[in-house]
Participant: 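Dropping the structure in here first, questions after.
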Amino acid sequence: MTPSSKADKKAAVDAATWMFNITTSVGIIIVNKALMATYGFTFATTLTGLHFATTTFMTVVLRWLGYIQPSHLPASELLKFVLVANFSIVGMNVSLMWNSVGFYQIAKLCIIPVSCLLEVAFDKIRYSRDTKLSILLVLVGVAVCTVTDVSVNAKGFVAASIAVWTTSLQQYYVNYLQRKYSLSSFSLLRHTAPVQAGSLLLVGPFLDYWLTDKRVNAFNYDVASTMLILLSCTIAVGTNLSQFMCIGRFTAVSFQVLGHMKTILVLILGFIFFGREGLNLHVVVGMIIAVVGMIWYGNASSKPGGKERHSHLLPKTNQQASGTSDKH
């Protein structure tokens, strides 16, 4: 295969991976909004536990069919990952409950600079000026079209800080574990999903009761709400898998920066399906700024020197370790 055909194939797979992630992520957001707003199923942590339980079932079936090869992940690494990932999920849910929507959105935007900091600190990544400016432009654009009311309180700030750092660490860790232990996205999910499912289903009902003062076992499970829960769990399999695929193929920073396209699409679909009352000039301007920033980031980070790893921190036995540059 010639270098040009290899590059074309990689570009096609990269695009398909992003589309898979965007489609499943936007789909699950819309389904969960309907489930929570229309039917009052506000048990977010328990629902996430059900998502991972469904993902676990998928990995068991694929392992049985021979699509997932045997692999090894040390118990210490698995426990660290699950701890960070679960704190990320709980932190985001608590942050949303305790903060205004505006401050919650600002906290989510902070994941990008924290992810950059982790890559600089642990992987010795260096960003070009254009790459830094494009990231800044995306942050400004998304902030303009999503941040409205901003009010801060002490406990909300603590919850948001925990959510930002643990989410950044979890996404960095996904890329790190895949590189260090030569794990595919399926293999990593096979190790992590069962432990996350068990722990979240154990803690989730109590945490959800504390946050909402409602019991998950007392919910009225009619046919419509049960079908939406099943649909949410089914889509979540794709969301979980595509997140690992994207971060494994690219980096946590690229996943966050280009991932804000999902935010734009959710806003657009919201205007289409739920009315145009939120569609105004500053929202449209924010969307345009964010999209321009994403395109700029894609071009800037893929150029030589746009985003480079200056040292090798992973063992040479790693089959997937990056070379001197880390594109996207």
Side-chain angles (χ1 to χ4, degrees), residues 14-15 18 21-22 25-26 88 91-92 95 99-152 157 160-172 174-175 243 246-247 249-268 280-310 322 325-328:
D14 287 351
W18 275 117
N21 179 253
I22 289 171
S25 298
V26 172
S88 166
M92 279 296 180
S95 176
N99 290 306
S100 65
V101 174
F103 188 74
Y104 174 76
Q105 290 292 347
I106 289 176
K108 285 180 68 176
L109 290 176
C110 289
I111 293 171
I112 292 179
V114 172
S115 295
C116 290
L117 182 63
L118 292 175
E119 287 190 357
V120 170
F122 296 124
D123 286 351
K124 307 303 179 187
I125 296 288
R126 294 293 178 266
Y127 299 91
S128 68
R129 185 190 64 178
D130 280 3
T131 304
K132 293 174 184 174
L133 289 174
S134 65
I135 291 173
L136 180 62
L137 194 63
V138 172
L139 291 173
V140 170
V142 176
V144 167
C145 62
T146 61
V147 177
T148 51
D149 59 314
V150 179
S151 57
V152 186
F157 180 82
S161 299
I162 292 172
V164 168
W165 278 96
T166 53
T167 301
S168 303
L169 279 168
Q170 183 261 346
Q171 293 180 0
Y172 172 83
V174 167
N175 183 272
Q243 184 200 43
C246 284
I247 296 175
R249 292 187 68 83
F250 313 106
T251 65
V253 172
S254 293
F255 178 72
Q256 279 292 324
V257 173
L258 301 179
H260 276 297
M261 179 58 73
K262 293 175 282 192
T263 306
I264 305 299
L265 287 175
V266 168
L267 284 171
I268 292 172
N280 51 50
L281 183 60
H282 87 269
V283 171
V284 174
V285 169
M287 289 180 180
I288 294 171
I289 293 171
V291 171
V292 169
M294 290 172 203
I295 295 170
W296 187 12
Y297 175 83
N299 290 329
S301 63
S302 63
K303 289 178 180 176
K307 186 176 179 183
E308 292 187 336
R309 177 175 285 115
H310 283 251
S322 300
S325 67
D326 179 18
K327 296 183 180 181
H328 290 288

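Note that this is a predicted model, so its numbers are computed, not measured.
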Participant: So how far is it from Met261 CE to Ile295 CD1, rounded to the nearest 0.5 Å?
Facilitator: 7.0 Å
Participant: Run the side chain to side chain contact (heavy atoms under 4.5 Å, CB included) test against Ser88 and tell me which residues pass, sequence neighbours left out.
Facilitator: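 Per chain and number, Ser88 pairs via side chain to side chain contact (heavy atoms under 4.5 Å, CB included) with Thr166, Thr167.
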Participant: How would you list all residue pairs meeting side-chain hydrogen bond (donor to acceptor under 3.5 Å, both in side chains) that involve residues 104-116, not counting sequence neighbours?
Facilitator: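 Of all non-adjacent pairs touching residues 104-116, none passes side-chain hydrogen bond (donor to acceptor under 3.5 Å, both in side chains).
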Participant: Ignoring hydrogens and angles, state whether a donor on the side chain of Ser254 or Tyr297 is under 3.5 Å from an acceptor on the partner side chain.
Facilitator: yes
Participant: Applying side chain to side chain contact (heavy atoms under 4.5 Å, CB included), can you list everything that pairs with Ala160, at least two apart in sequence or on another chain?
Facilitator: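 Ser95, Asn99, Phe103, Ala107.
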Participant: My understanding is that only residues two or more places apart in sequence, or in another chain, count here; which of them pass side chain to side chain contact (heavy atoms under 4.5 Å, CB included) with Leu117?
Facilitator: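 Listed in chain order: Trp165.
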Participant: Under the side chain to side chain contact (heavy atoms under 4.5 Å, CB included) rule, collect the residues that match up with Lys262, sequence neighbours excluded.
Facilitator: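 Testing Lys262 for side chain to side chain contact (heavy atoms under 4.5 Å, CB included), a comparison that skips the adjacent residues, returns Asn21, Ile22, Ser25, Val26, Phe255.
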Participant: Report the distance from atom CG of Leu133 to atom OH of Tyr127, rounding to the nearest 0.5 Å.
Facilitator: 14.0 Å
Participant: What's the verdict on side-chain contact (heavy atoms from CB on, under 4.5 Å) for Val253 and Gln171, showing C-alpha distance, side-chain angles and the deciding distance?
Facilitator: CA-CA 9 Å; Val253 172; Gln171 293 180 0; over 6 Å; no
Participant: Side chains of Leu265 and Met287: closer than 4.5 Å at any heavy-atom pair?
Facilitator: no
Participant: Run the side-chain donor-acceptor check on residues 134-143: report pairs under 3.5 Å with partners two or more places apart or on a different chain.
Facilitator:
unit_1, atom_1, unit_2, atom_2, d
Ser134, OG, Asp130, O, 3.3
Ser134, OG, Thr131, O, 2.7

Participant: Out of curiosity, Cys110 SG to Gln256 CD, how far, rounded to the nearest 0.5 Å?
Facilitator: 11.0 Å
Participant: Write down the atom of Trp18, the atom of Cys246, and the distance for their closest heavy-atom approach.
Facilitator: CE3-SG, 3.9 Å
Participant: For Ala252, is there any backbone N or O sitting under 3.5 Å from a side-chain donor or acceptor partner on Asn175?
Facilitator: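 No; judged by distance alone, with no hydrogens or angles, the pair does not exist.
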Participant: If we only count heavy atoms from C-beta on, is the Arg126 to Glu119 side-chain gap below 4.5 Å?
Facilitator: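 Sidechains of Glu119 and Arg126: no contact.
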